[in-house]
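Have a look at the structure below, then the notes.
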Amino acid sequence: MKIQNRLWKYLLVACAFGAMFVASPVQARAAKSDLQVYFIDVEGGQATLFVTPAGQSLLIDTGWPENAGRDADRIVAATKLAGISKIDYVLLTHYHNDHSGGVPQLVDRIPVGTFIDHGANIDTKPGGATLDVYNAYQKVLATGKYKHITARPGDVIPIVGMKVTVISSDGNVIDHPLPGGGQENEFCKIPETKPNDRSENSHSLGILVNFGKLKILDLGDLTWEKEMAFMCPKNLLGSVDILVVSHHGFRPSSSHALVDGIHPRVAIMNNAATKGGNVPVLDTVRQAPGLETLWQLHYSDEGGAEHNTAAEYIANPQGTEQGNYILLTATPKGSFTVFNSGNKQSKTYAAK
Ligand SMILES: [Zn+2]
């Protein structure tokens with residue numbers, strides 16, 4: 001009894017700080033009412049798998065085309081952990097090869113229901129990697145095996161178990177506040193300019209996920225000038241609990257107006273050792289008001305000891321390529337846990 005009392009005391013003290021960091025030999029089993037989000041490591045691309053309590057799934061991007069299907073294999077491994085045998089929706093943010101390159105290898109390995117994209121490719125340079133990736137994707141669609149949605153800002157994706165609202169697509173962004181948004185954004189005053197993007201990045205299909213009280217933002221590789229369009233002078237999104245850091249943490253994205261303005265509690269960066277994870281973005285995110293933790297899929301070589309997040313929040317430490325993932329498990333009441341498959345440790349964030 002005494003030991004139990006002490007344990008309870010420890011837990012109460014830990015809870016009082018709002019978050020707990022605990023070592024557990026295996027990831028905690030999600031309850032049936034929970035949302036699971038796997039941040040799959042594709043070495044500096046994107047592959048983020050949402051599995052709703054209703055058992056429906058949404059994969060955002062498919063990783064790279066090469067490496068004998070390495071990224072498709074990692075996605076399928078995550079579907080097995082999540083207990084699903086089909087992906088209902090595959091959303092392609094844009095057609096760069098680190099996002100849409102893995103489509104043919106993915107459909108060879110697992111059934112897919114519907115593809116969602118922003119419409120026509122704008123990086124049409126003959127012989128370029130993006131055109132090859134786009135053509136390969138068009139071939140997959142032409143088989144007639146899959147449903148297809150071209151999404152526009154304001155659209156809601158018809159997945160069951162969470163609300164997915166399109167924020168940006170094909171170079172356009174929402175022009176009206178979403179619930180909780182519409183206030184003046186004080187961070188627009190921070191003088192900041194970044195180069196405008198003329199590539200597929202600026203056409204990224206970005207989404208806001210509402211799950212119970214929780215909001216999760218994933219804008220793909222959307223760049224600075226598009227962020228400004230829905231963050232200044234008014235913040236049309238309101239506050240967001242979890243930010244998937246845009247564009248792997250590259251400089252042309254992640255303005256203060258966005259990162260500071262949405263007031264995230266947790267940010268997750270899908271960088272690689274030598275891709276993304278730029279120092280100014282690491283600093284902007286770590287120092288954002290209200291941020292509790294930055295999680296990174298990789299240690300950033302550029303960031304060094306001074307600018308990376310603390311080692312326990314990095315899934316793939318310096319000099320490793322183990323394909324470790326990060327898993328977010330969220331309850332409808334707003335509490336959530338982030339698990340690092342690299343060190344098998346997790347941190348729980350109380351509902352606010
Ligand atoms: Zn990218």
Side-chain angles (χ1 to χ4, degrees), residues 37-49 58-67 70-72 74-75 90-106 115-119 121-125 128-134 136-137 167-171 194-207 217-227 243-255 258-259 267-278 280-282 284-285 295-298 300-303 315-316 321 323 325-326:
V37 190
Y38 288 84
F39 297 86
I40 300 157
D41 176 34
V42 291
E43 312 290 342
Q46 188 175 355
T48 308
L49 178 69
L58 165 69
L59 176 70
I60 301 184
D61 290 334
T62 59
W64 299 85
E66 303 96 5
N67 307 308
R70 177 200 67 193
D71 294 349
R74 289 181 182 180
I75 293 164
V90 173
L91 184 156
L92 301 176
T93 60
H94 62 301
Y95 303 117
H96 284 163
N97 55 354
D98 54 330
H99 296 259
S100 298
V103 167
Q105 293 160 322
L106 184 73
F115 280 97
I116 307 169
D117 60 50
H118 72 64
N121 166 42
I122 66 162
D123 286 358
T124 52
K125 193 177 128 203
T130 310
L131 188 58
D132 286 351
V133 162
Y134 182 68
Y137 169 51
I167 303 300
S168 62
S169 176
D170 205 33
K194 296 171 185 256
N196 285 355
D197 184 276
R198 305 256 178 265
S199 78
E200 271 287 307
N201 291 330
S202 61
H203 281 225
S204 284
L205 173 44
I207 58 161
L217 184 66
D218 186 333
L219 300 172
D221 286 0
L222 197 71
T223 39
W224 174 83
E225 75 282 10
K226 302 296 177 189
E227 296 174 356
L243 169 66
V244 182
V245 178
S246 300
H247 206 178
H248 325 289
F250 272 124
R251 282 187 186 79
S253 304
S254 296
S255 59
L258 174 70
V259 177
I268 301 176
M269 186 181 285
N270 48 30
N271 63 311
T274 56
K275 186 176 172 203
N278 288 158
V281 177
L282 287 168
T284 298
V285 174
W295 296 78
Q296 293 171 218
L297 276 177
H298 276 266
S300 157
D301 288 354
E302 179 186 319
N316 296 281
E321 267 188 33
Y325 60 90
I326 289 171

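Heads up: numbering here begins at 1 and tracks the sequence. Fair warning: this is a prediction, and the values are worked out from it, not measured in the lab. Start at 1 and go down the list; that is how both ligands and their atoms are numbered.
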Whether the H298 and E43 side chains hold a donor-acceptor pair (N or O, under 3.5 Å, no angle test) is what I'd like checked.
yes

Closer than 3.5 angstrom, by distance alone: can the side chain of S100 be matched with the main-chain N or O of H94 as a donor-acceptor pair?
yes

Show all protein N/O/S atoms under 2.8 Å from the Zn ion (ligand 1), or state that there are none.
D98 OD2, H99 NE2, D221 OD2, H248 NE2

T223, D170, D221 screened by side-chain hydrogen bond (donor to acceptor under 3.5 Å, both in side chains) with H203, the one that passes:
D170

Residues Y137 and D117: side-chain donor-acceptor under 3.5 angstrom
yes

When you look at S253 and V281, which way does the side chain to side chain contact (heavy atoms under 4.5 Å, CB included) test go after all the steps?
CA-CA 8 Å; S253 304; V281 177; over 6 Å; no

Quick one: which of I116, L59, T62, I60 gives a side-chain contact (heavy atoms from CB on, under 4.5 Å) with L92?
T62

